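Bear in mind the structure is a predicted one, so any value in this text is a computation, not a measurement. Indexing begins at 1, ligand by ligand and atom by atom, following the structure's order.
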Amino acid sequence: MTDIWIMRIGHRPQRDKRVTTHVALSSRALGAKGIYVDTADNVLEGNIKSVVERFGGDFEIRTGVNWKDIIKNFDGIVVHLTMYGQRFDEALEKIPSDKNMIIIVGAEKVPPEVYERADMNVSVGNQPHSEIAALSIFMDRLTGGKALYESRNGRFNVIPNERGKTVVEISR
Ligand code: SAM
């Protein structure tokens with residue numbers, strides 16, 4: 001699988017802390033390499049790094065980045081998720097499978113420049129809903145959900161259990 005990165009635009013640390021955290025966690029669970037967040041947020045960075053430290057994988061988070069620079073220097077396809085975009089089932093047919101991808105999701109209204117700079121503006125339905133839902137559905141269809149049960153070699157491993165919780169702690 002090629003690398004998938006997320007670019008979160010318009011993050012407001014107080015107002016969006018839970019939603020941006022869930023954007024990061026969902027994209028990690030679905031196999032993204034990492035997330036860029038435009039506004040600096042040390043608390044968010046610390047929370048995500050703590051999850052990676054406990055549950056494994058090499059997911060990266062960088063906050064306080066300039067989204068235009070990231071996109072300009074990105075070697076791959078830039079997909080902007082927006083309710084106004086083309087249908088995602090049609091978009092997926094046009095995306096080459098050998099290219100890295102950066103997926104932009106907004107918090108508040110994104111600047112018009114995002115629509116112009118993206119290679120594709122893609123909708124997950126043409127109704128307004130959630131960036132967490134749109135991103136998760138899109139990534140699941142893109143990857144076939146392959147990463148969901150992959151081992152991350154973490155300190156804690158969760159064993160699927162029909163009833164209750166089974167967590168194995170690996171001592172290193
Ligand atoms: N009101 C904002 C606007 O006009 O752009 C949208 C805010 S929405 C809660 C936040 C983000 O969720 C959007 O920037 C977009 O990335 C994503 N989103 C919401 N609905 C979507 C949809 N139907 N398809 C794709 N992405 C969607």
Side-chain angles (χ1 to χ4, degrees), residues 1-48 51-52 57 59-97 99-148:
M1 192 164 58
T2 54
D3 292 347
I4 302 171
W5 291 85
I6 312 305
M7 177 76 236
R8 171 76 155 151
I9 291 182
H11 169 69
R12 297 151 295 186
Q14 269 318 308
R15 188 169 165 171
D16 299 319
K17 60 185 168 194
R18 275 180 62 78
V19 177
T20 304
T21 300
H22 289 187
V23 167
L25 292 178
S26 302
S27 65
R28 173 183 172 273
L30 282 150
K33 283 287 285 179
I35 184 168
Y36 299 108
V37 180
D38 60 348
T39 315
D41 189 335
N42 289 334
V43 176
L44 173 70
E45 280 197 26
N47 289 340
I48 299 303
V51 170
V52 174
F59 188 83
E60 291 173 39
I61 178 162
R62 272 183 59 201
T63 72
V65 302
N66 181 312
W67 69 266
K68 291 181 200 170
D69 289 345
I70 298 281
I71 280 167
K72 195 163 47 185
N73 298 318
F74 185 71
D75 180 17
I77 293 185
V78 178
V79 171
H80 169 219
L81 290 183
T82 163
M83 61 180 279
Y84 305 104
Q86 65 174 301
R87 294 175 60 122
F88 78 98
D89 48 357
E90 293 176 2
L92 284 172
E93 289 171 7
K94 301 178 205 157
I95 294 174
S97 58
K99 297 248 189 213
N100 294 332
M101 182 183 291
I102 191 158
I103 306 174
I104 302 176
V105 289
E108 50 185 351
K109 192 172 176 183
V110 302
E113 224 179 328
V114 175
Y115 289 82
E116 290 152 21
R117 291 198 179 215
D119 296 311
M120 303 175 108
N121 291 289
V122 175
S123 62
V124 181
N126 293 122
Q127 302 300 321
H129 58 95
S130 141
E131 50 271 53
I132 304 166
L135 181 62
S136 298
I137 292 170
F138 181 72
M139 283 191 68
D140 186 60
R141 300 290 170 91
L142 180 69
T143 65
K146 282 193 194 79
L148 287 171

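Distances below 4.0 Å separate heavy atoms of Q127 from the following atoms of ligand 1: 20 (N), 22 (C), 23 (N). Of all atoms in ligand 1, numbered sequentially from 1 with element shown, those under 4.0 Å from a heavy atom of A134 are 25 (C), 26 (N), 27 (C). Within the listing of ligand 1, atoms 24 (N), 25 (C), 26 (N) sit less than 4.0 angstrom from a heavy atom of T82.
Heavy atoms of G10 come nearer than 4.0 angstrom to ligand 1 in no pair at all.
Closest non-hydrogen pair, R62 versus E45, comes out as C-OE2, 4.1 Å.
At least one side-chain heavy atom of M7 sits less than 4.5 Å from a side-chain heavy atom of D38.
Contacts of H80 with ligand 1, taken as heavy-atom pairs under 4.0 Å, are absent altogether. Residue contacts with ligand 1, taken as heavy atom pairs separated by less than 4.0 Å, do not involve I9 at all.
Heavy-atom proximity to atom 7 (C) of ligand 1, evaluated over P128, A107, G125, is greatest for A107. Distances from atom 16 (O) of ligand 1 to the heavy atoms of L81, L135, V19 show the closest one on L81.
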N/O donor to acceptor pairs below 3.5 angstrom from side-chain atoms of residues 114-121, sequence neighbours left out:
residue : atom : partner : partner atom : Å
Y115    : OH   : T82     : OG1          : 3.2
R117    : NE   : E113    : OE2          : 3.2
R117    : NH2  : E113    : OE2          : 3.0
D119    : OD2  : V78     : N            : 2.8
N121    : OD1  : H80     : ND1          : 2.8
N121    : ND2  : Y115    : O            : 3.0

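By the side-chain contact (heavy atoms from CB on, under 4.5 Å) test, D89 is found to be paired with R87, residues two or more places apart in sequence or in another chain being considered.
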